[in-house]
Amino acid sequence: MPYSYDDQNIFAKILRGEIPNKTVLETEHSLAFEDINPQAPQHVLVIPKGHYVTYDHFAAEATDAEIVDYTRAIGAVCRKLGVTLEDGTGYRLLTNAGPDGHQEVPHLHIHVFAGGFLGRMIKVPG
Ligand code: AMP
């Protein structure tokens, strides 16, 4: 089934400037902003400006320019946070998709977690 994009999702509203955000970095095709409910000392979300629901949707349908911009924007956020291994002690990237991934906002976002030891990956319930 083809992806359908809900343009009333909260990140679409952020991109349209309808609700505020704490911008960390903006590029031609990407926006990074602080997560409103941080799960680590540093928690930033990086989103493409295009209407993509999940990572696989983006990987299949985004233009090469969007993919390059987004990939580089994520790296630039890590550098700006000072958490690359050149400047700091690391970070974690994570993206959720659909109900099994517990995706709350149906616009692709990569979480950048950092600012301290993050433990081992994930805990599966049950
Ligand atoms: P996910 O479960 O991967 O879809 O994560 C959605 C994330 O969006 C959560 O970490 C929320 O805290 C975050 N979030 C929701 N609304 C906002 C907002 N207005 N500004 C910044 N982050 C938000």
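Start at 1 and go down the list; that is how both ligands and their atoms are numbered. Side chains are part of it too, since the values below use all heavy atoms of this structure and drop only hydrogens, waters and symmetry mates.
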Among all protein non-hydrogen atoms, which one is nearest to atom 1 (P) of ligand 1, and what is the separation to 0.1 Å?
H109 NE2, 3.1 Å

Quick one: pull up CZ in F11 and CD in E104 and give me the separation to the nearest 0.5 Å.
9.0 Å

Name the closest protein heavy atom to atom 2 (O) of ligand 1, giving the residue it belongs to and the distance to 0.1 Å.
H102 O, 3.0 Å

Is it true that E26 and K49 make a salt bridge, defined as a side-chain N closer than 4.0 Å to a carboxylate O?
yes

Does Q39 approach ligand 1 within less than 4.0 angstrom via side chain, backbone, both or neither, non-hydrogen atoms only?
neither

Can you tell me the protein heavy atom closest to atom 11 (C) of ligand 1 and the distance?
D35 OD1, 3.5 Å

Geometry only, no angles: is F11 polar-contacting ligand 1 at N/O separations under 3.5 Å?
no

Please confirm whether the backbone N or O of G119 pairs with a side-chain atom of R92, one donor and one acceptor, at under 3.5 Å?
yes

Y91 side chain to Q42 side chain, donor-acceptor N/O pair below 3.5 angstrom
no

Decide whether Y3 and D56 meet the rule of one side-chain donor and one side-chain acceptor closer than 3.5 Å.
yes

When you compare ligand 1 with Q103, is there at least one nitrogen or oxygen pair between them that comes in under 3.5 angstrom?
no

In the protein, which heavy atom is nearest to atom 4 (O) of ligand 1, and how far is it?
E104 N, 2.6 Å

Of all the atoms in ligand 1, which lie at a distance below 4.0 Å from a heavy atom belonging to L45?
8 (O), 13 (C), 22 (N)

Any pair with a residue in residues 67-90 that passes ring pair (Phe, Tyr, Trp, His ring centres under 6.0 Å), sequence neighbours left out, goes on the list, sorted by first then second residue, please.
F58-Y70

Measuring centre to centre across the rings, with the benzene-like ring taken for any Trp, is Y5 within less than 6.0 Å of H57?
no

Give the atom numbers and elements of ligand 1 that come within less than 4.0 Å of a heavy atom of F33.
21 (C)

So which heavy atom in the protein is nearest atom 23 (C) of ligand 1, and how far is it from that ligand atom?
I36 CG2, 3.5 Å

Verify, without hydrogens or angle tests, whether E34 (side chain) and K22 (backbone) share a donor-acceptor contact under 3.5 angstrom.
no

With heavy-atom distances below 4.0 Å as the criterion, list the atoms of ligand 1 near V105.
4 (O), 6 (C)

Would you name the heavy atoms of L25 and A76 that are closest together and state the gap between them?
CD1-CB, 3.6 Å

Ligand 1 atoms nearer than 4.0 angstrom to some heavy atom of N37 are 12 (O)

Taking a cutoff of less than 4.0 Å between a non-hydrogen atom of the residue and any ligand atom, is E34 in contact with ligand 1?
yes

At under 4.0 Å between heavy atoms, is it the side chain or the backbone of N21 that contacts ligand 1, or both, or neither?
neither

Ligand 1 to N96, heavy atom cutoff 4.0 Å, flagged ligand atoms 1 (P), 2 (O), 3 (O)

Could you report the tightest heavy-atom contact between H111 and H109, atom names first, then the distance?
NE2-CD2, 3.4 Å

